[in-house]
Amino acid sequence: MRYLPVCLSLQDAPVTLVGAGIVATRKARLLCRAGAQLTVIAPEATGELQQLLAQHGGKWQQRAYASGDLAGSTLVVAATPDSAVNAQVSRDAGGLNLPVNVVDSPELCSFIFPSIVDRDPLLIAISSSGQSPVLARLLRRKIESLVPAAYGRLAQFAGRFRDRVKTALPEDTPRRLFWEQAMEGTIGEQVMAGREQRAQELLEQRLAETDGLYTGEVYLVGAGPGDPDLMTFKAVRLLQSADVVLYDALVSAPILEMARRDAKMIYVGKRRADHAVPQEQINQLLLDLALEGKRVVRLKGGDPFIFGRGGEEIELLAQHRVPFQVVPGITAASGAACYAGIPLTHRDHAQSVRFVTGHLKDGSSNLDWDSFRSTTETLVFYMGLVGLPQICAQLTAHGRSGDTPVAVVERATLDEQRVLTGTLATIGGVVEREQPKAPTLIIVGSVVQLHQSLAWFGEA
Ligand code: SAH
């Protein structure tokens with residue numbers, strides 16, 4: 001890093017500006033806005049600059065620059081068309097250890113001006129370390145469009161209540177959490193909409209409710225079936241805000257990489273025979289982390305409320321009045337169906353679809369097999385690979401034809417996706433031969449026939 005970005009207070013500070021042309025005027029505008037007490041040295045000055053000086057109580061010394069002019073300054077800017085003069089100013093300032101900027105000559109500068117997005121009191125400075133001011137300006141334009149104009153108002157509001165909140169929440173973490181939630185939630189919205197009175201009432205109400213005990217939040221986030229592009233904007237936003245991320249085996253590596261670099265990542269396991277952390281402990285961990293004031297993201301494969309035990313994980317939080325949000329995700333059935341070219345419903349094939357757990361307790365007795373007879377209903381079995389032979393046998397025994405098409409979609413939506421097809425009578429043999437790896441999803445019904453014509457990846 002060649003430069004250190006700092007925010008310098010120039011209120012009433014004596015600043016010398018050498019030069020008074022158009023470029024110097026631009027700098028003068030900025031320096032006056034920051035409250036500097038400007039002395040301009042130049043034989044001639046633009047009208048605007050003279051006006052600025054009159055408005056802000058600056059001085060114009062109408063003559064050529066001379067060594068010795070910089071005594072008593074806190075900051076120096078040179079912007080004359082004469083490079084010898086500019087170099088002289090730079091040398092003189094260096095001799096006095098004064099910060100100096102020479103416009104368009106990085107080698108003569110001890111500081112440079114960044115591009116700024118001004119949402120006073122909120123300031124965003126962008127610098128290319130003098131390498132490409134154009135790039136910095138382009139980036140500024142992008143940021144300009146991203147940062148609402150009302151953010152300045154929000155910063156001002158926070159400034160007004162800073163001491164009030166500090167008194168109510170003297171500890172750092174609860175206070176930080178309070179502000180984060182206030183800014184991103186209703187309070188922030190009210191301020192930006194210009195309803196500061198309402199925002200203030202809400203702020204007081206929140207402070208009263210929290211009783212000084214402020215907890216973190218838990219977000220139960222559906223990460224989709226694997227392809228990171230299938231995450232929702234909300235999932236990505238919350239993931240990037242998390243202090244701690246709990247994830248299990250279904251969540252793919254590129255998704256985990258979207259978390260903040262400094263976030264703590266905790267693997268809580270969960271493959272069939274690999275319950276790294278028992279469910280009760282996961283529930284407790286979520287609660288404990290939130291009570292420590294952390295923003296916790298619990299990343300779940302697919303959708304948290306579809307075979308995700310999402311309900312259990314938030315029960316304990318609700319009991320302890322820890323705020324939480326559940327963010328839906330694309331469930332494996334949707335992901336697998338779309339990426340394999342198997343519509344789950346189709347006018348000519350299926351009028352309904354059912355998501356069924358294939359994780360059969362006590363063998364197979366816990367499913368109502370009689371209810372799966374309909375030939376116009378697509379069945380999707382989650383967690384069904386181990387139980388596949390029983391699933392096929394039971395469906396056949398309860399009225400589904402042995403010719404009913406079946407697809408096993410392995411690692412759906414990921415680069416390694418494979419689609420194995422057969423029928424209730426033959427799929428067992430196909431799986432035996434191909435040995436697909438978890439996770440796999442089983443789709444049963446005549447829609448599977450469409451795979452041949454609709455798949456665009458050309459799997460088996
Ligand atoms: N909440 C998840 C399901 C969790 S149960 C969801 O909504 O998708 C775990 C089962 O989901 C796995 O056994 C498998 O059947 C299915 N599954 C999840 N991701 C999958 C993927 N990428 N490909 C195939 N099946 C998947």
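Just so you know, ligand 1 is whichever comes first in the structure, and atom 1 is the first atom listed for that ligand. Residue numbers run from 1 in the order of the sequence given.
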| task | State the CG-CD1 distance between L203 and I187, to the nearest 0.5 angstrom. | result | 4.5 Å
| said: How long is the straight-line distance from CD of Q279 back to CD1 of I282, given to the nearest 0.5 Å? | reply: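 CD of Q279 is found 4.5 Å from CD1 of I282.
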| field | Heteroatom distance test (L250, ligand 1): nitrogen or oxygen, under 3.5 angstrom | value |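 No - when backbone and side-chain N and O of L250 are compared with those of ligand 1, no distance drops under 3.5 Å.
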| query | Does A412, backbone or side chain, put an N or O under 3.5 Å from an N or O of ligand 1? | reply |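 It does: an N or O of A412 is found under 3.5 Å from an N or O of ligand 1.
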Check each atom of ligand 1 against the heavy atoms of [X] and keep those under 4.0 Å away; list them by number with element.
X: I306; value: 1 (N), 2 (C), 3 (C), 6 (C), 7 (O)
X: L441; value: 15 (O), 16 (C), 24 (C), 25 (N)
X: V409; value: 24 (C)
X: A332; value: 6 (C), 7 (O), 8 (O), 16 (C), 17 (N), 18 (C), 19 (N), 20 (C), 26 (C)
X: T331; value: 6 (C), 7 (O), 8 (O)

| message | Between F113 and F111, is the ring-ring contact (aromatic ring centres under 6.0 Å, His included) condition met? List the steps. | response | CA-CA 7 Å; F113 286 92; F111 78 91; 5.4 Å; yes
| query | Under 4.0 angstrom from ligand 1, any heavy atom of R411? | reply |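 The answer is yes, since R411 has a heavy atom less than 4.0 Å from ligand 1.
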| Does ligand 1 have any atom sitting under 4.0 Å from a heavy atom of T413? |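 False for this residue.
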| Looking only at side chains, do S334 and T331 share a donor and an acceptor under 3.5 Å apart? | no
| said: Do T376 and S374 pair up side chain to side chain, a donor and an acceptor below 3.5 Å, judged on atom types alone? | reply: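 There is such a pair (donor and acceptor under 3.5 Å, judged by atom type) between the side chains of T376 and S374.
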| Given D227, L230, T440, which one has a non-hydrogen atom that is nearest to atom 14 (C) of ligand 1? | T440
| query | Which option, G384, A223, P225, owns the non-hydrogen atom nearest atom 22 (N) of ligand 1? | reply | P225
| Contact check, side chains of Q449 and T421, non-hydrogen atoms, under 4.5 Å | no
| Can you find a heavy atom in the side chain of L287 that is under 4.5 Å from one in the side chain of V322? | yes
Closest protein heavy atom (residue, atom, distance) for [atom]:
atom: atom 24 (C) of ligand 1; result: P439 O, 3.4 Å
atom: atom 10 (C) of ligand 1; result: M383 CG, 3.7 Å
atom: atom 11 (O) of ligand 1; result: Y382 CD2, 3.4 Å
atom: atom 4 (C) of ligand 1; result: F307 O, 3.3 Å
atom: atom 2 (C) of ligand 1; result: G301 O, 3.2 Å

| message | Checking I443 against L379 for the side-chain contact (heavy atoms from CB on, under 4.5 Å) test, could you report, in this order, the C-alpha distance in whole Å, the side-chain angles of both residues, the deciding distance, and whether it holds? | response | CA-CA 6 Å; I443 306 178; L379 303 176; over 6 Å; no
| message | Salt bridge or not between E416 and K437? Use side-chain N to carboxylate O under 4.0 Å. | response | no
| message | Run the ring-ring contact (aromatic ring centres under 6.0 Å, His included) test on F324 and Y219 for me, step by step, so that the C-alpha distance in whole Å, both residues' side-chain angles and the decisive distance to 0.1 Å come before the verdict. | response | CA-CA 5 Å; F324 63 82; Y219 311 116; 10.0 Å; no
| message | Taking 4.0 Å as the limit for heavy-atom contacts, which would you say applies to L385 with ligand 1: side chain only, backbone only, both, or neither? | response | neither
